[in-house]
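The next block holds one structure in the form of structure tokens; read it before the comments.
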Amino acid sequence: LISCCLLQPLMAQYVMQLDSVQAFPGNQVFVGIQIHNASPVTSFQCDIPLPSAVTAEVGSVVVNANRAVDHLIVASIIQDSILRILCFSLNNTPFNGNTGEIARFKLSLPTETMEASLPLLNALIANTNGQNVLTSTIAGVVKVMGPLNVIISSDAGVVCSGQSVTMTAVVSGGGWNPTYVWTSEP
């Protein structure tokens, strides 16, 4: 017989998360805001400090139509480089669902490569009683990719038809997870 007891009560999880994104220099990219809630929530807010040379398009901030009911979303830039987002219901109506993207915004990326964190500051998720139930946040990452470089070498100087050869590829730059496929022509 095995018995178990809980030393701490189980707590419901209310998590706000930013998606990680990557794109080439000078491009624009949408960043999703995810909320995972254990019970109904009616509103959220957050501040997102923007990395140097990254700008947010305030007018691009939208609430996900699949999760919103009568929710309004407002965004502004404060202190020159912090994107502040507020989303709420004047009727205190809960969002639909309990997981997934709740809103998104567009970033314009610099012309140089870079990688930086997108933290969530001053975040809150409000329940139907107006209480902040946020239990954790997960930062995103924005990566401006450089050109993809592939260096291929072999273990033999000259390869004749029918001869085995070992090829090695070193991939750098580009995206986080570059892939390649070997093909051969006889």
- Task: Check whether any side-chain N or O of Asp47 sits under 3.5 Å from a backbone N or O of Leu121 as a donor-acceptor pair, and report yes or no.
- Result: no
- Query: Is there a donor in the side chain of Tyr14 and an acceptor in the side chain of Ser136, or the other way round, less than 3.5 Å apart?
  - Reply: no
- Task: Verify the distance criterion only: is there a donor paired with an acceptor across the side chains of Asn37 and Asn98 at less than 3.5 Å?
- Result: no
- Query: How about Ile151: does its CD1 atom have over 12 heavy atoms from other parts shown lying under 6.0 Å from it?
  - Reply: no
- Under the side chain to side chain contact (heavy atoms under 4.5 Å, CB included) criterion, do Met16 and Cys46 qualify, and how do the steps go? CA-CA 9 Å; Met16 186 182 302; Cys46 60; 3.8 Å; yes
- Short side-chain to backbone donor-acceptor contact, Arg67 and Gly97, under 3.5 Å: yes
- On a heavy-atom basis, the closest approach of Ala123 and Thr137 is CB-CG2, 3.9 Å
- Message: When you measure from the side chain of Thr113 to the backbone of Gly146, do you find a donor-acceptor pair of N or O atoms at a distance under 3.5 Å?
- Response: no
- Rounded to the nearest 0.5 angstrom, the OG-CZ distance for Ser89 and Phe95 is 8.0 Å
- Message: Quick one, Ile48 with Leu120, criterion side chain to side chain contact (heavy atoms under 4.5 Å, CB included). Give me CA distance, side-chain angles, the key distance, then yes/no.
- Response: CA-CA 5 Å; Ile48 305 164; Leu120 286 159; 4.0 Å; yes
- Task: Could you tell me whether the side chain of Asp19 and the main chain of Val31 form a donor-acceptor pair under 3.5 Å?
- Result: no
- Item | Shortest non-hydrogen contact between Leu18 and Pro119, atoms and distance | CD1-O, 4.2 Å
- Ser117 versus Pro51, closest heavy-atom pair with distance: O-CG, 4.1 Å
- Return the set of residues passing side chain to side chain contact (heavy atoms under 4.5 Å, CB included) with Gln17 (not counting sequence neighbours), or none when no residue passes. Gln34, His36, Ile138
- Check: Asn129 side chain, Gln131 main-chain N or O, donor-acceptor pair, under 3.5 Å: no
- Task: With sequence neighbours excluded, tell me which residues meet side chain to side chain contact (heavy atoms under 4.5 Å, CB included) with Ala103.
- Result: Ile33, Phe44, Ile73
- Answer with yes or no whether the side chains of Glu57 and Gln28 bring together a donor and an acceptor at under 3.5 Å. yes
- Query: Could you give the distance from CG (Leu83) to OG (Ser76), rounded to the nearest 0.5 Å?
  - Reply: 7.5 Å
- Leu50 side chain near Thr55 side chain, heavy-atom distance below 4.5 Å: no
- Message: Could you tell me if the side chain of Pro94 sits less than 4.5 Å from the side chain of Val41, heavy atoms only?
- Response: no
- Taking C-beta and beyond as the side chain, do Ile125 and Ser43 meet within less than 4.5 Å on heavy atoms? no
- Query: With a 4.5 Å limit on heavy-atom distance, are the side chains of Val142 and Leu109 in contact?
  - Reply: yes
- Query: Below 6.0 angstrom between ring centroids: does that apply to His71 and Phe88?
  - Reply: no
